[in-house]
Amino acid sequence: MDWNESVGTIYPDLVYGEEELNNYDLYVPADQTKDSYGLVVYLHAGGFTGGDKSDDAEMLKYFTSKGYVAAGVNYSLRTDEIKANLYRMSQEIKQSIPVIQEKAAELGYHLDQMAISGGSAGGTLALLYAYRDADTSPIPVKMVFEGVGPPSFEPSLWLGIDDSDNPYESNDAAEAGAGFASIMTGEDITVDMMKNGEYKKYVDEISPYTHITRNSVPTLAAYGTYDKVVPFGLTRNFLKALEDNHVPHDFIEFKRSGHGLQNDRKEAKLYATKINEYLDQYMPN
């Protein structure tokens, strides 16, 4: 799309916290005549180790062209030097929302509703905010939409460990599970914790599907059947939780695609259409 001052203004690299990557880009529409505005937050992809808010600039411009205030938010990444874990990242996203709200108000945009979204790693963080943190959000959360965000961090599903009643019976499986769980949660998960089930409370905290309730917001999600990065099997409990709790949702399966959702044009078009339908229905301008 053509972006100019008649569409909106971008305020880049605004700060919301003390960590190096605690910054965001704010996109505001040119029209300042409304009493209130909806906010669309998009969280970038990158496997929790890379990516940047600038990767999603065109998408954020599009939402602004529809009359929304939009924000692309960075968060700490896991590197050799920085042992950022998923819980920390999710807390940073939580920290950013009131700061975004305050800055928007300062610029003349009162935010009274929001949608949160993301891709891959950002999709997980969006789901966590929508399901776990929405009750304490300073801006009412109306919906979440995301693509290929891992909804579960149960180690056995990621590591291909035998899906039995006790997948961590062997020391090898328990060691592998403990290593994975420790990295993702930031906790020191031991072999004994894997064997006695104590690990689960830490993994559940960062697994979005475990936070779904009957009060969870409408959800639009897209996943690739042949995803080798985020195993498609992770979506089983996610879908079941949405259905069991009667949460309004659309789950779009890209049956010929992997993590990039690249091989299903029809489904890609449907996902784009559904995003607009959800915004019109649950967060109208």
Side-chain angles (χ1 to χ4, degrees), residues 1 40-66 68 70 72-73 86 115-131 142-154 157-160 163 207-209 212 216-283:
M1 62 165 294
V40 180
V41 173
Y42 195 89
L43 308 175
H44 69 77
F48 306 110
T49 62
D52 185 83
K53 54 187 169 48
S54 61
D55 299 338
D56 308 307
E58 292 307 309
M59 188 182 311
L60 293 161
K61 289 176 181 178
Y62 172 72
F63 294 130
T64 308
S65 75
K66 288 177 65 67
Y68 297 102
V73 183
L86 212 158
I116 191 159
S117 179
S120 194
T124 292
L125 294 170
L127 291 173
L128 274 173
Y129 190 86
Y131 300 148
K142 300 297 184 180
M143 54 176 277
V144 59
F145 61 99
E146 59 86 27
V148 299
S152 170
F153 288 91
E154 166 54 48
L157 297 177
W158 283 85
L159 302 174
D163 186 15
S207 295
Y209 88 92
I212 294 173
S216 292
V217 297
T219 300
L220 172 62
Y223 290 86
T225 305
Y226 292 99
D227 195 332
K228 290 181 170 42
V229 178
V230 175
F232 188 71
L234 297 175
T235 65
R236 182 178 60 190
N237 289 336
F238 180 32
L239 260 177
K240 186 175 188 304
L242 291 171
E243 292 166 355
D244 288 350
N245 287 282
H246 306 290
V247 177
H249 67 277
D250 280 277
F251 181 92
I252 302 175
E253 182 178 349
F254 286 61
K255 295 184 177 180
R256 292 180 293 278
S257 295
H259 196 62
L261 302 181
Q262 71 278 29
N263 296 327
D264 296 89
R265 288 188 180 181
K266 181 180 177 183
E267 282 71 22
K269 185 176 180 179
L270 175 61
Y271 181 51
T273 299
K274 284 290 183 181
I275 290 172
N276 287 316
E277 288 180 359
Y278 268 60
L279 287 170
D280 289 343
Q281 180 174 355
Y282 298 110
M283 207 172 79

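The residues of the chain are indexed from 1 along the displayed sequence.
Considering only heavy atoms from C-beta on, F145 comes within 4.5 Å of V40 through its side chain. For the pair R256/E267, a side-chain contact is recorded, criterion being any heavy-atom separation below 4.5 Å from C-beta on. Contact check for S207 versus E154: no side-chain heavy atoms found under the 4.5 Å cut-off. When side chains are defined from C-beta on, K266 does not count as touching K269, because their heavy atoms never get closer than 4.5 Å. Put simply, the side chain of Y129 does not reach to within 4.5 Å of the side chain of V41, judged on heavy atoms. Taking the side chain as every heavy atom from C-beta outward, I275 and F63 approach each other to under 4.5 Å. The side-chain heavy atoms of L234 and W158, taken from C-beta on, include a pair separated by under 4.5 Å. Looking only at side-chain heavy atoms (C-beta outward), L128 and L86 come within less than 4.5 Å of each other.
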Requested in this report: Given side chain to side chain contact (heavy atoms under 4.5 Å, CB included), test F48 with T124 step by step and report yes or no.
Outcome: CA-CA 10 Å; F48 306 110; T124 292; 4.2 Å; yes
Report task. Go through the steps to decide whether Y271 and L220 satisfy the test side chain to side chain contact (heavy atoms under 4.5 Å, CB included), and finish with yes or no. Result -> CA-CA 8 Å; Y271 181 51; L220 172 62; 3.7 Å; yes
Report task. Run the numbers on F238 and L127 for side chain to side chain contact (heavy atoms under 4.5 Å, CB included), then give the verdict. Result -> CA-CA 11 Å; F238 180 32; L127 291 173; 4.2 Å; yes
Requested in this report: Any chance you could lay out the side chain to side chain donor-acceptor pair (under 3.5 Å) test for Y282 and E277, step after step, and finish with the verdict?
Outcome: CA-CA 8 Å; Y282 298 110; E277 288 180 359; over 6 Å; no
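Rounding to the nearest 0.5 Å gives a distance of 12.5 Å between CD of Q262 and OH of Y226. Note that CG of L125 and CG of L43 are 6.0 Å apart. Values are rounded to the nearest 0.5 Å.
Under the rule for a side chain to side chain contact (heavy atoms under 4.5 Å, CB included), the partners of K66 that lie at least two apart in sequence or sit in another chain are Y62, Y68, N276, L279, D280. For D52, the side chain to side chain contact (heavy atoms under 4.5 Å, CB included) partners are S54, D55, N74, not counting sequence neighbours. Not a single ring-ring contact (aromatic ring centres under 6.0 Å, His included) links F254 to another residue, sequence neighbours left out. Taking V247 as the reference, I212, S216, T219, L242, N245 meet the side chain to side chain contact (heavy atoms under 4.5 Å, CB included) condition, with sequence neighbours excluded. Scanning for salt bridge (Lys or Arg N to Asp or Glu O under 4.0 Å) contacts around D227 gives an empty result, with sequence neighbours left out.
At distances below 3.5 Å, not a single donor-acceptor pair connects side-chain atoms of Y42 with backbone N or O atoms of A57. With S120 contributing its side chain and G46 its backbone, the two residues share no donor-acceptor pair below 3.5 Å.
Smallest separation of non-hydrogen atoms from G47 and A121: N-CB, 3.8 Å. Here the shortest heavy-atom pairing between V144 and A126 reads CG2-O, 4.0 Å. Contact detail for K142 and P218: the closest heavy-atom pair is O-CD, 3.3 Å. Between A130 and V217, the shortest heavy-atom distance links the atoms CB-CG2, 4.0 Å.
Using cut-offs of 30° and 60° for the angle between ring planes, the Y223 and F251 rings count as parallel.
Listed by first then second residue, pairs satisfying side-chain hydrogen bond (donor to acceptor under 3.5 Å, both in side chains) with a partner in residues 246-255 read T225-E253, D250-Y278, not counting sequence neighbours.
At a threshold of 4.0 Å, the pair K240-E243 does not count as salt-bridged, since none of the basic side-chain nitrogens sits closer than that to a carboxylate oxygen.
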